[in-house]
Amino acid sequence: MDIIGAILPIVLFIALFWFILIRPQQKRQKQVTEMQNNLEKGDEIITIGGLHATVHALDEGTIVLEVNEGQKLTYDRSSVREKKA
């Protein structure tokens, strides 16, 4: 019985750690990946560096962003932080 009493707090701590820190981060990462995969031409986005731009063209791993009239920049698709509503 003493072994169970000693191991139980450690198991509870690990479970608590999982539900408070790891699980929400995994859900957030899944949402971000889904958003990055569903981008379309014309979407307004914000990159992880804070650049506000419009999607001009998409490739499998890259994205071409239009920042001003005619100025285009190429980024990795994973650099998109969020899609503007």
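Computed from a predicted structure; not experimentally measured.
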Check your understanding: Of all heavy-atom pairs between Gly5 and Pro9, which one has the smallest distance, and what is that distance?
Key -> O-CD, 3.1 Å
Practice item. If you link ILVMFWY side chains whenever their heavy atoms are less than 4.5 Å apart, which other residues fall into the same cluster as Ile14? By chain and number, please. Key: Ile10
Check your understanding: Are Ile48 and Tyr75 co-members of a hydrophobic cluster defined by side-chain heavy atoms under 4.5 Å apart?
Key -> no
Side-chain donor-acceptor pairs under 3.5 Å in residues 21-33, sequence neighbours left out?
{"unit_1": "Gln29", "atom_1": "NE2", "unit_2": "Thr33", "atom_2": "OG1", "d": "3.4"}
{"unit_1": "Thr33", "atom_1": "OG1", "unit_2": "Gln29", "atom_2": "O", "d": "2.9"}

Exercise for review: State plainly whether one hydrophobic cluster holds both Leu12 and Leu16, where clusters connect Ile, Leu, Val, Met, Phe, Trp and Tyr through side-chain heavy atoms under 4.5 angstrom apart.
Suggested key: no
Donor-acceptor contacts under 3.5 Å from residues 64-72 side chains, at least two apart:
{"unit_1": "Glu66", "atom_1": "OE2", "unit_2": "Gly70", "atom_2": "N", "d": "3.3"}
{"unit_1": "Asn68", "atom_1": "ND2", "unit_2": "Gln71", "atom_2": "OE1", "d": "3.1"}

Show me, pair by pair, the donor-acceptor contacts under 3.5 angstrom made by side chains of residues 78-85, not counting sequence neighbours?
{"unit_1": "Ser79", "atom_1": "OG", "unit_2": "Asp76", "atom_2": "O", "d": "2.6"}
{"unit_1": "Lys83", "atom_1": "NZ", "unit_2": "Asp43", "atom_2": "OD2", "d": "3.4"}
{"unit_1": "Lys84", "atom_1": "NZ", "unit_2": "His52", "atom_2": "ND1", "d": "3.0"}

Practice item. Kindly work out whether a path of hydrophobic side-chain contacts (I/L/V/M/F/W/Y, heavy atoms less than 4.5 Å apart) joins Leu73 to Leu39. Key: yes
Review point. Same cluster for Ile46 and Leu58 if Ile/Leu/Val/Met/Phe/Trp/Tyr side chains link at under 4.5 Å?
Key: no
Study note, to complete from the structure: By side-chain contact (heavy atoms from CB on, under 4.5 Å), Ile7 pairs with (sequence neighbours left out) Ile3, Val11
